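Inspection log for the structure reproduced underneath, given as structure tokens.
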Amino acid sequence: MSEQLSVNRSLFDQVMVPNYAPGAMIPVRGKGSRVWDQDGREYIDFAGGIAVNSLGHAHPELVKALTEQANNLWHVSNVLTNEPALRLAQKLCNLTFADRVFFANSGAEANEAAFKLARRYAWEHSGEEKNEIIACYNSFHGRTLFTVSVGGQAKYTEGFRPAPGGITHVEYNNLEALKGAISDKTCAVVVEPIQGEGGIVPASQAYLEGVRALCDQHNALLVFDEIQTGVGRTGDLYAYMNYGVAPDILTSAKGLGGGFPVAAMLTTEKVAASFGVGTHGSTYGGNPLACAVAEKVIDIVSDPAVLAAVKTKSALFFSLLNEINQELNIFDEIRGRGLLIGCALKEKWKGQAKDVLNAAISEGLMVLVAGPDVVRLAPSLIIPDEDIKAGMVLFKKALQAVIAAQKS
Ligand SMILES: *Cc1c(COP(=O)(O)O)cnc(C)c1O
């Protein structure tokens, strides 16, 4: 066996492209909602790998599904199909509006497939002119050139133009704005049921219903990007289920693999027909390792008892967060659904979400940000109540440290 190279955080700056700014500690091990770093220091995990580790770290059933599959078959490519992919697709169809599934490896790729499919469907049924995609300001749909251009945050396309054409942005949760922009040239409207990266902003019931109606009126496909909100994150298997508004295409990733890279685009039989043989593809999409793990994630998360527990744990988070805020008065609003929670900083603390994240790390707690002004929590869907309570004690200390630093 070759000896392992010893590494530390400073090596990052020497060997990695500088597009990330990772924190000082390097995690090496995780179990449930606890993580340990190189020095053996313990952390409580309210970040969940950015809404990815839906069942925490090293869940025994996921480890079992992965290792069993690893001993059988790793990869065959889409020249052949495979059993885990078929089983996962069947389950996703049984559990949702969808009749057909396309697998990819990341959220961006699932969205790329969704946007291409929407164009192709319109091209086939209505002609070349119907190619416009409408998305929302502050939305996030991934980092490939197409998906980042559909996303509604200008800073992410800066320096990468020319961007693909035929994309329009409108204000989120504003039906009048969409009414003004949509036309018979619109092939798709793309919406996150809760804007994630944009600050944990839920769509209103009237908005999603209105978007559905406008899409129908103009023969445009409705695409729900549920990459962050899907797979039990909100307490429903997919967030659209709570609204009672079904899309034509839905994208799922992040929590779907519980930490193993996998994504899916779900759609109807009629729309799927426009992706005929050879129109689109992926070498790894539907990989047996990824699908075996995702199948187990779906088995566990689709259990009504697990989904109900997400809502109970959510209520515990909200009550403890409100209690802390009553004392510290640092947040304007604590919002979100299920275990996707955004704590929006008051005017005085705006821009300091990253300071809260760093202070939390110092206290032994992992949290996230959603933009400069919102602290985001996206823990494991099965985080034990004791970890929620213990983590909240650390969260309060972190907030107190940020408050003290501003006073001094
Ligand atoms: C994370 C995210 C994506 C991109 O997923 P990747 O796996 O990073 O490509 C797209 N849409 C939403 C809503 C997301 O939260």
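Below, each value reflects all heavy atoms present in this structure, side chains not excepted, and no hydrogens, waters or symmetry copies. Both ligands and their constituent atoms are indexed starting at 1 by order of listing. Just so you know, these numbers come straight off a predicted model, no measurement behind them.
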Considering heavy atoms of the protein only, find what lies nearest to [atom] and give residue, atom and distance to 0.1 Å.
atom: atom 11 (N) of ligand 1; value: Asp225 OD2, 2.7 Å
atom: atom 7 (O) of ligand 1; value: Gly107 N, 2.8 Å
atom: atom 9 (O) of ligand 1; value: Ala108 N, 2.7 Å

Ignoring hydrogens and angles, state whether a donor on the side chain of [X] or [Y] is under 3.5 Å from an acceptor on the partner side chain.
X: Tyr43; Y: Asp37; result: yes
X: Thr186; Y: Glu132; result: no
X: His141; Y: Ser139; result: yes
X: Gln228; Y: Glu197; result: yes

Counting both backbone and side chain atoms, is some N or O of [X] under 3.5 Å from an N or O of ligand 1?
X: Phe140; value: yes
X: Glu192; value: no
X: Gln228; value: yes

Any idea which atoms of ligand 1 are less than 4.0 Å away from a heavy-atom of [X]?
X: Asn111; answer: 10 (C), 11 (N)
X: Gly142; answer: 4 (C), 10 (C)
X: Ser106; answer: 7 (O), 9 (O)

Electrostatic pair Lys350:Asp373 at N-O distance under 4.0 angstrom: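 Between Asp373 and Lys350 there is no salt bridge, as every charged N stays at least 4.0 Å from the carboxylate O atoms.
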Pick from Glu197, Gln195, Lys254: the one approaching atom 15 (O) of ligand 1 most closely through a non-hydrogen atom: Lys254
Student check: side-chain heavy atoms of His59 and Ile382 closer than 4.5 Å: yes
Working for side chain to side chain donor-acceptor pair (under 3.5 Å), residues Thr157 and Arg161: CA-CA 7 Å; Thr157 48; Arg161 293 178 200 288; 3.1 Å; yes
Distance-only donor-acceptor hits, side chain of residues 250-263, under 3.5 Å, sequence neighbours excluded:
unit_1	atom_1	unit_2	atom_2	d
Thr251	OG1	Asn111	OD1	2.8
Ser252	OG	Tyr238	OH	2.8

Region of Thr147 that comes within reach of ligand 1 [heavy atoms, distance under 4.0 Å]: neither
Ligand 1 contact on His141 by region, counting heavy-atom pairs under 4.0 Å: backbone
